[in-house]
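Notes follow once the structure below has been shown.
So you know, we letter chains A, B, ... as the sequences are listed, proteins then strands, and number each from 1.
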2 protein chains.
Amino acid sequence: MHPLFHYINNYATTLLSKDDFGFVLSHFISKKIRRRQYLLQEGEICKYFGFIVKGAMRKYLLDEKGGEHVVDLYVENWWAGDRESFVRFTPSTYNIDAWEDSELLLVSREDMLKLRSECPSFNELVLKLDEYNNIAAQKRITSAISLTSEKRYEDFVERHPYFVQRFPQHIIASYLGVTKDTLSRVRKKVIKK
Amino acid sequence: MHPLFHYINNYATTLLSKDDFGFVLSHFISKKIRRRQYLLQEGEICKYFGFIVKGAMRKYLLDEKGGEHVVDLYVENWWAGDRESFVRFTPSTYNIDAWEDSELLLVSREDMLKLRSECPSFNELVLKLDEYNNIAAQKRITSAISLTSEKRYEDFVERHPYFVQRFPQHIIASYLGVTKDTLSRVRKKVIKK
DNA sequence: AAAAAATATCGACAAATGTCTACGCTGTAT
DNA sequence: ATACAGCGTAGACATTTGTCGATATTTTTT
C-alpha cells in the first residue's frame, strides 16, 4: 500500500477510496533528493510542502556567525516545509536539506487548497495535522522555557526515539538549543542513572 | 461596535451581517473575572476558550519546586485556553489566571464546532487563527533555541510593545525563559545602547 | 589501502545564568 | 498615617553552559 494512502486513512474518519487516492496523488510531484541537497534555501519562497516517503531531513537557520540552529527534524511520514513562506509567499529564513537520501511527494499551495476543497478526507487530514502541530509546538515551547537541558533531553528521547537513531548528537543538541559539548555532558549524567 | 464583531470581520473575507453576528454571539457566555482569579487550573479540563474583551491574562505552569513558568500572555482580542485539553478533553497541565480584572466571552468546544460548520466567516476566522498561531509558535521556538537572552528580549519588545506596558518584568522574564534577575541585567545592557 | 571527513568526548577556561539576600521604591489596604 | 505586599535592582557566590583545542574512533571518499 502506498505510504501516503495509508497515512491519510490513518487520520481521516471517512476512508479514502482507491480512486479518490489516485486523484489526490495526481496532485503530488515525486522527487528524490540526495543527502546534503536542499529542499529549500534561505531567501527562497517555499513553493512546495513535502511529504517524506523515505528518508530523513532537517530544517535549520544560520546565525550571524554562520552557526546552524536546527529547528525541525523529519523522518518518514512527516511534512517538510516552511509554513510562513508557503502561506504568505514570503522569502524563507530557513534551510531545509536532506540528512539521508530521501524520497518526497511535493504539493504546491494551489494544489493543497484544491485538494482540501475537493477531497473531504484530505481536508480532515490537514485540519488534524494543524491541530496536532499546534499542540506539539506549545509543548516544545513549554519544554524550552521551563525545563533544564537534562530534562529536555530525556523528554526528547522518550518522545522521539526514532530521531535518536537517525540523527547524530550534534544535530539533536542543536534541536534542543544547546551545544554538542553540553549534550555530551548531559548524556554522561543521564547514562549514570 | 462589539469587539468580537469587529474582530471577526477583520479576519473574514466575506463580512458577517449583524444578524449572523447575533447568531454567533448567542453561543458565547459572558464572564467577568477578577485579578488573580483562575479561568483554568491545572488538572481541570479546559471546557471553554475565552475571547478577551477587556483585560490581561497569563497562562503558566508550576514546576516541582513551585516555580511559575509563564507560557502565554494575553490582552484584548486574544484567545485564552489550553488547546490540547480543549480538543482532547484531557486534564490540563496549565493554569490560566487574570492579571487584570477581565471580561471574557466563553465558548465551549461543542459550540465552537457548531459555529464553524454553520457560519463560514467564523470558520474562516478559526482557520486563519490556527495558521497564525502555528507560524507564531514556530517563531517562538526558533527564538528560544537560537537567540541570546538579550536578543530575545529586544525581539519581544519590538513585537509585543503592549505586553511590556501591561505586565511587570518578572512575568516577561518568565515568558522569555529567564529569571527576573537575568532580565534586569539584560535590560541594563540594552538601555545603554 | 590510504586519506579525508564526520563524530563524540574530554579538559581548561570564560561567559552567562541561577540563587539568595538585601535595599529602596511604589501603590494599596487597613 | 501606617503597615504591607509587589516590584525592580544590586552584589556575592554557585552552577550551568559556551568556547576552544586536542584526541580517539568511526565513516566516507578517493
Side-chain angles (χ1 to χ4, degrees), chain A residues 34-37 55-58 60 62-70 73 97-102 143-157 163-193, chain B residues 34-37 56-58 60 62-70 73 97-101 143-157 163-193:
Chain A
R34 285 273 177 78
R35 173 173 164 80
R36 300 287 187 190
Q37 275 191 325
M57 310 188 70
R58 59 181 187 148
Y60 64 95
L62 300 173
D63 60 29
E64 327 77 55
K65 295 171 189 162
E68 295 178 352
H69 297 273
V70 176
L73 297 175
D97 68 4
W99 190 253
E100 302 172 3
D101 295 347
S102 301
S143 158
I145 65 170
S146 69
L147 299 183
T148 62
S149 58
E150 193 172 325
K151 291 208 172 165
R152 285 208 303 284
Y153 177 67
E154 291 176 328
D155 206 48
F156 176 83
V157 171
F163 283 162
V164 179
Q165 313 290 349
R166 296 177 71 174
F167 294 96
Q169 282 179 36
H170 67 274
I171 298 289
I172 291 170
S174 179
Y175 178 89
L176 295 174
V178 297
T179 60
K180 66 183 170 56
D181 310 85
T182 296
L183 182 57
S184 182
R185 284 190 277 243
V186 165
R187 274 169 46 84
K188 202 159 74 173
K189 274 195 202 166
V190 172
I191 291 170
K192 271 190 182 169
K193 287 184 177 175
Chain B
R34 286 272 177 78
R35 173 173 163 80
R36 300 287 187 188
Q37 274 191 326
M57 310 188 69
R58 59 179 187 149
Y60 64 94
L62 299 173
D63 59 29
E64 327 77 54
K65 295 170 188 162
E68 294 179 353
H69 297 272
V70 176
L73 297 175
D97 68 4
W99 190 252
E100 302 172 2
D101 295 349
S143 158
I145 66 170
S146 69
L147 299 184
T148 62
S149 58
E150 194 173 322
K151 293 209 170 164
R152 286 209 301 285
Y153 177 67
E154 291 176 330
D155 206 49
F156 175 83
V157 171
F163 283 162
V164 179
Q165 312 290 350
R166 297 176 72 173
F167 294 97
Q169 282 179 38
H170 67 272
I171 298 289
I172 291 170
S174 179
Y175 179 90
L176 294 174
V178 296
T179 60
K180 66 180 171 56
D181 310 85
T182 295
L183 182 57
S184 182
R185 286 189 277 242
V186 165
R187 275 170 45 85
K188 202 160 71 173
K189 274 195 202 168
V190 172
I191 292 168
K192 272 191 183 172
K193 288 186 179 176

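- Put simply, chain A comes within 4.0 Å of DNA chain D, heavy atom to any atom, from dT17(D) to dC20(D), going 5' to 3'.
- Among R36(B), R35(B), R166(B), R34(B), the one residue that satisfies the side chain to side chain donor-acceptor pair (under 3.5 Å) test with E100(B) is R166(B).
- A straight line from CZ of R187(A) to C1' of dA8(C) spans 9 Å, rounded to a whole angstrom.
- Put simply, OH on Y153(A) is 10 Å from P on dA8(C), counting in whole angstrom units.
- Taking the ring-ring contact (aromatic ring centres under 6.0 Å, His included) definition, one finds that Y153(A) meets it with nothing, sequence neighbours left out.
- In this structure the side chain of R185(B) reaches within 4.5 angstrom of the side chain of T182(B), judged on heavy atoms.
- In summary, of the residues considered (L176(B), D181(B), L183(B)), a side-chain contact (heavy atoms from CB on, under 4.5 Å) with T179(B) occurs for D181(B) alone.
- Going from atom CZ of R187(A) over to atom OG of S149(A) covers 13.0 Å, rounded to the nearest 0.5 Å.
- Closest contact between the side chain of K188(A) and the listed nucleotides dC10(C), dT9(C), dT7(C) involves dC10(C).
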When you check every protein heavy atom under 4.0 Å of nucleotides 14-30 of chain C, what one-letter string (B, S, -) results, 5' to 3'? ---BBBB----------

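- Centroid-to-centroid, the aromatic rings of F156(B) and Y175(B) come within less than 6.0 Å.
- Under the 4.5 Å side-chain criterion, counting only non-hydrogen atoms from C-beta, M57(B) is not in contact with D97(B).
- Here Q169(A) reaches the OP1 or OP2 of dT9(C): one of its side-chain N or O atoms lies under 4.0 Å away.
- Between V70(B) and I145(A) the shortest heavy-atom distance is O-CD1, 3.1 Å.
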